[in-house]
Amino acid sequence: MRRELATIAGLAGTGRNLQFAVSRREALVANPGRGVGTALLTNTWGVFAWKASRGPAPQLAAALLIAETALLAVHVRHNIAKPSTGINVMLAAVALVCSL
């Protein structure tokens with residue numbers, strides 16, 4: 001059951017990042033650094049989902065939790081955080097707990 005939950009969290013994280021990239025395509029093209037960061041984080045979520053479907057991946061889940069928490073902190077610091085900004089942090093926490 002834990003493996004399935006970790007996989008679902010990974011797929012949800014991948015999907016949320018893809019939705020963000022598609023909905024803000026112009027902004028990501030205009031700012032290549034932001035686009036690369038979004039692409040790397042999306043790919044990391046995808047790799048986690050793939051690895052989690054085959055077995056525990058706690059190191060990757062921990063890296064996702066750190067990255068998503070840092071991203072949330074930047075959004076809060078610049079006063080641009082929305083309630084949805086924290087969803088990937090929660091997904092990463094679920095991924096880590098289910099990978100232990």
Please find the pair of heavy atoms, one from [X] and one from [Y], that lie closest to each other, and give the distance.
X	Y	answer
Ala9	Leu91	CB-O, 3.7 Å
Thr14	Gly46	OG1-N, 3.1 Å
Thr44	Leu40	OG1-O, 2.7 Å
Ala21	Thr38	CB-CG2, 4.0 Å
Ser99	Ala6	OG-CB, 4.2 Å

Is any side-chain heavy atom of [Y] closer than 4.5 Å to one of [X]?
X	Y	value
Lys82	Thr85	yes
Phe20	Thr42	no
Trp45	Leu41	yes

Does any N or O in the side chain of [X] come within less than 3.5 Å of the main-chain N or O of [Y], such that one atom is a donor and the other an acceptor?
X	Y	result
Thr69	Ile66	no
Arg16	Ser84	yes
Asn31	Ala27	no

When you group the ILVMFWY residues by side-chain heavy-atom contacts below 4.5 Å and let the links chain together, are [Y] and [X] in the same group?
X	Y	answer
Val36	Val29	no
Leu96	Val89	yes
Ile87	Val22	no
Val47	Leu64	yes

Inter-residue atom distance [X].[atom1] - [Y].[atom2], 0.5 Å rounding:
X	Y	atom1	atom2	result
Leu11	Phe48	CG	CZ	9.5 Å
Leu18	Ser23	CG	OG	10.5 Å
Cys98	Arg3	SG	CZ	12.5 Å

Item to check | Test side chain to side chain contact (heavy atoms under 4.5 Å, CB included) applied to Glu4 and Thr7, step by step | outcome: CA-CA 5 Å; Glu4 290 84 0; Thr7 303; 5.6 Å; no
Item to check | CZ/Arg77: more than 12 non-hydrogen atoms of other groups inside 6.0 Å | outcome: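 No, not enclosed.
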